[in-house]
Amino acid sequence: MSFINQKLKIYAVAVLGSGMFLACAQTKTATAAKATTQTAKSGKVVPTNLKWSERMMLSEMQRFPEAWMLDFSKSPKWTYPSAIVLDGAEQLYIKTGKKEYYDYISGFGETLIKDDGTIATYDLEKYNIDMLNSGNVLLYLYEKEKKDKYLKALQTLRLQIDGQPRTNEGSFWHKKIYPYQVWLDGLYMGMPFYTHYTKDFTKGADAAKAYDDIVMQFDSVQKNLLDKKTGLLYHAWDESKEQAWADKQTGLSPNFWGRAMGWYGMAMVDVLDYLPKDHPGRARIISYIKSYSDAVIKYQDKKSGLWYQVLDKPLANKNYEEATASAMFVYTMIKSVNKGYLPKSYKAAAKKGYDGIIKNLITVDENGVVNLNKCCAVAGLGGKPYRDGSYEYYVNEEIRSNDGKGTGPFILASLEFEK
């Protein structure tokens, strides 16, 4: 009997052990199994019966299994494009409840923020306003998880705002290495984070002062970068007028770059999510959205509904219909219509642009993975080698597919159309 009992015990332990091993393996492969089941049912990695917002988000997750990879990064790096796509993931998680979207966002925070709150690859002393944008992801994660490391990282980013160099009028320099320069890009990189942080953590007179400062950034840009003839805004302004790209009389850069205008539109519409309803500057920002949208629509291609890399020179040599700017304009306008900042009549231009993106710039692989093509990879001013802001400079920068600066706004625009 004792021999039989002993054999039974060994058998039971073996069964229990294999069960535990199996459970562990199942936990590790749950997501993969789910994806495999979906693929088996539809024959697609990304099911084609989903809305465009989910199709593009799942495609990004397929291309970039970890969120820190979204800017084609080879190793974890604190940079801004990931945050735009993760804004879409956040909204999709709210809409669908699918945990894979939340896990994707959470993985970004876990990888980039160390236990002591240090931000991987971030250097406060560079005072690079681009680095504030991914703080939006941490604001979301801290709200959800209340991890001390996220709070510490957020406080570090807020410290950057306190020390960020400014023009004499008070506009933030784009970076410490770009003295006296205000770029349209910087409004998107810094102001939604600054406003959201203020709403969550700052009270009383300090909050009022911060909100006034935020609105002043837009007032200053309208004053210094707006071209009254076209209604468009130049890419950048050098208060010192010392840069080779800067006009010696005005300090302005020479061209209207599509994505710079796109950044500015998204900055305005996203800041309004957090600026108090009773703030006197709110009405001014809404008026800026109206004049901005009127100018953007004027330069929309009548046939395709898209916008060009250099906005006001559609017929010039090598200019092309560019995906990131087009997606940003569409997002700015459709969100503004949905929020009541623009009359409903503006939806037609937004829809024409959105349909133009899907028809002309979207391709779908056999496995269902969605691609956004004709994205300008990067463009800036100054630096080494020197970027002179000429027409030839903008149209000769690298063009690539599936850049987060385009896929993110496309997801966000899709979500607005799907409401």
N/O donor-acceptor pair under 3.5 Å between K298 side chain and T230 backbone: yes

Residues which pass ring-ring contact (aromatic ring centres under 6.0 Å, His included) with Y299, listed by chain and number, not counting sequence neighbours: none

Ring-ring centroid check Y188 Y264, cutoff 6.0 Å: no

Donor on one side chain, acceptor on other, E90 and N136, under 3.5 Å: no

Any donor-acceptor N or O pair under 3.5 Å, side chains D213, Y194: yes

Which atom pairs, donor and acceptor, lie under 3.5 Å between side-chain atoms of residues 67-87 and protein residues at least two apart or in another chain?
unit_1 : atom_1 : unit_2 : atom_2 : d
W78    : NE1    : M131   : O      : 2.9
S82    : OG     : A67    : O      : 3.2
D87    : OD1    : Q91    : NE2    : 3.3

Ring centroid separation W183 to Y178 under 6.0 Å: yes

Parallel, tilted or perpendicular, as decided by the 30° and 60° cut-offs, for the rings of W257 and Y394: parallel

Between F410 and Y354, ring centroids under 6.0 Å: yes

E416 and N338: side chain donor to acceptor below 3.5 Å: yes

Aromatic contact, Y288 with Y292 (centres under 6.0 Å): no

Within 6.0 Å of NZ in K95, more than 12 heavy atoms from elsewhere: yes

Any side-chain donor near an acceptor of the partner, S171 and E239, under 3.5 Å: no

Residues R63 and E60 bridged, charged N to O under 4.0 Å: yes

